[in-house]
Amino acid sequence: MTATKDPPAHATGVHAGGFPSGDLTLLRFFVEHALAADTSALSDTELIDQIQEIETLQASLAALQADRIRAFAQAHVDSHRVDDRADVDKLHRSVVAQIQLACRVSTAEARTRVADARDLHSGLDDVRCLHEAGQLSAAKVSAIALECRDLNAAQRAQVDARLAAVRDLTRYGIGRLRAMTRRLVAEIAPERFRARVHAARAERRVTLRPAPDAMSYLTAYVPVEQGAACLAALQKAFVEVQVDPQPLTRTRGQVLADTLVERVTGQTTATAVNLEVQVTVPVQALLDPTSPLPAEIPGLGPVPADLLANPEGTKSLRRLLTDHGLVIGGDSRQRIFTGLLATLVKARAQNRCTEPYCDAPVRHLDHIRRGADGGRTELENGRGVCEFHNHVREQPGWHVARAPDGAVVTTTPTGHTYRGPD
């Protein structure tokens, strides 16, 4: 093994407050050292040993991060709470938003990490110890904590004790751990489990998200018996196609997918869909017919232009010109973004929240420079954000501005700055 640099001079230092930033810097040095090492002389056995050790270390580091997340949340709430009347929900949103930016993850993931960090110190002591020892990964711990989310500390401790008594718990996969924890919750807190089931049914919905190769995932979140009934109906449709005297030219999966589209839309065939599609088209593609640049449906990804022509259905395409990925603008003197200007702002954001690391759909159109501060309602001053981040920026200590190079920069109450995606 060969080192590429000497350890930093402050690697063994510790700040006066006791936070071992020097130790973490030293750990980073060792990682860089290991990455630069020559592995050609290592045997297969030695490589597997190192991979296992790295996995253990990764789990322990996740536990360390969870501990720091909990400490930050407590410190932030304590330092900003003036009295018992303080809005705890607003403080919690501020904590989640800052963890989201610091960890470079989505808002949903940040909210999960904050909740996991809290619950690990509120009843899940044995699970936390296994996590700190590197025996349970962050994903497994999160699966357990999520199933225990609505329990009180005493009930969570009962689940924790039952899990700790399971032989070879650390060898279980995430699915088995989740199912086992769910059964324990149903036994220990049947009323809370029943309440969760009723609450989940109230959250039924249908969502659409992009998939590779100009496809998409249409997901229905429905009660289990309804989902089973839908699948049974689609499978019955495939049986009917099988017994049809016409030769079968589609696979089972294709028949099920086509039948779903036909029954939901009411069309005769799955491809004869009537719709209006907003498509961004690179201006270079209009100037040069041979340009390889694809069109794009905001929020769903690139699509070959020839697939947008559909003779079976009535398809209206609203084309928005782009130049190097930026939607070419518009202006308005209104106080809110509406009409074509709103469409342009959403399209430029590709219908995704423009806050760093957030992939949530655009729900609000925000003035980068507030209208109250003289900000104009124009494309340059607009950005698409999710509901969560639009509310967070209104809290004290948060600031959003456009940098000279055009990027949107968010500053948090701790003084950290984060550059939004270009």
Side-chain angles (χ1 to χ4, degrees), residues 18-21 23-28 30-31 34 45-75 92 95-96 99-100 102-106 108-190 192-193 196:
F19 185 82
S21 61
D23 292 346
L24 296 179
T25 303
L26 183 60
L27 178 61
R28 176 179 289 277
F30 283 127
V31 171
T45 300
E46 290 172 325
L47 287 171
I48 287 296
D49 287 341
Q50 288 194 12
I51 290 170
Q52 289 179 331
E53 188 60 32
I54 292 169
E55 184 66 21
T56 299
L57 178 61
Q58 196 171 34
S60 296
L61 284 174
L64 174 61
Q65 186 185 61
D67 180 79
R68 297 301 187 263
I69 289 174
R70 175 175 173 269
F72 167 75
Q74 290 179 329
H92 178 70
V95 168
V96 170
I99 294 302
Q100 179 249 325
C103 295
R104 307 167 194 168
V105 295
S106 68
E109 173 64 16
R111 189 178 286 112
T112 297
R113 291 193 185 189
V114 171
D116 290 349
R118 176 200 63 209
D119 294 345
L120 282 174
H121 287 80
S122 182
L124 295 177
D125 296 340
D126 289 318
V127 170
R128 187 182 75 249
C129 289
L130 288 172
H131 191 26
E132 293 171 348
Q135 298 302 304
L136 283 178
S137 68
K140 292 180 179 180
V141 169
S142 183
I144 293 172
L146 181 61
E147 294 299 330
C148 299
R149 189 73 80 222
D150 297 326
L151 305 184
N152 57 40
Q155 293 169 329
R156 204 175 286 120
Q158 292 183 56
V159 174
D160 183 68
R162 295 276 294 274
L163 287 174
V166 175
R167 183 180 178 183
D168 296 331
L169 180 71
T170 59
R171 299 183 184 180
Y172 283 22
I174 294 176
R176 291 184 66 184
L177 282 173
R178 182 182 293 113
M180 181 188 302
T181 307
R182 186 179 299 130
R183 285 194 298 271
L184 291 175
V185 169
E187 293 176 14
I188 293 171
R192 288 180 179 266
F193 178 72
R196 282 181 57 176

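Note that the structure is predicted; figures quoted are calculated from it, not measured.
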Tell me, please, which residues at least two apart from T56 pass side-chain contact (heavy atoms from CB on, under 4.5 Å). none
Please name all residues satisfying side-chain hydrogen bond (donor to acceptor under 3.5 Å, both in side chains) with E109, sequence neighbours left out, ordered by chain then number. R113
Excluding sequence neighbours, so at least two apart, what forms ring-ring contact (aromatic ring centres under 6.0 Å, His included) with F193? none
Tell me, please, which residues at least two apart from A102 pass side-chain contact (heavy atoms from CB on, under 4.5 Å). Y418
Pairwise side-chain contact, R178 with L146, heavy-atom cut-off 4.5 Å (strictly under): no
Taking only residues two or more places apart in sequence or in another chain, which ones pass side-chain contact (heavy atoms from CB on, under 4.5 Å) with A139? S137, I174
For R128, the salt bridge (Lys or Arg N to Asp or Glu O under 4.0 Å) test, sequence neighbours excluded, returns D125, E132
Can you give me the closest heavy-atom contact between Q65 and C103, atom names plus distance? NE2-SG, 3.8 Å
Who pairs with R192 by side-chain hydrogen bond (donor to acceptor under 3.5 Å, both in side chains), at least two apart in sequence or on another chain? Q155
So CG of L57 and CG of L64: to nearest 0.5 Å the spacing works out to 10.0 Å
Any residue meeting side-chain hydrogen bond (donor to acceptor under 3.5 Å, both in side chains) with D116, in chain and number order, not counting sequence neighbours: S142, R149
Qualifying salt bridge (charged side-chain N to carboxylate O under 4.0 Å, His left out) pairs with a residue from residues 53-62, counting only residues at least two apart or across chains: none
With sequence neighbours left out, the residues meeting side-chain hydrogen bond (donor to acceptor under 3.5 Å, both in side chains) with D67 are none
Taking salt bridge (Lys or Arg N to Asp or Glu O under 4.0 Å) as the test, write out the residues that go with E187, two or more places apart. R162
Taking it one step at a time, do V114 and H92 satisfy side-chain contact (heavy atoms from CB on, under 4.5 Å)? CA-CA 9 Å; V114 171; H92 178 70; 3.9 Å; yes
State which residues pass salt bridge (Lys or Arg N to Asp or Glu O under 4.0 Å) with D49; sequence neighbours excluded, sorted by chain then number. none
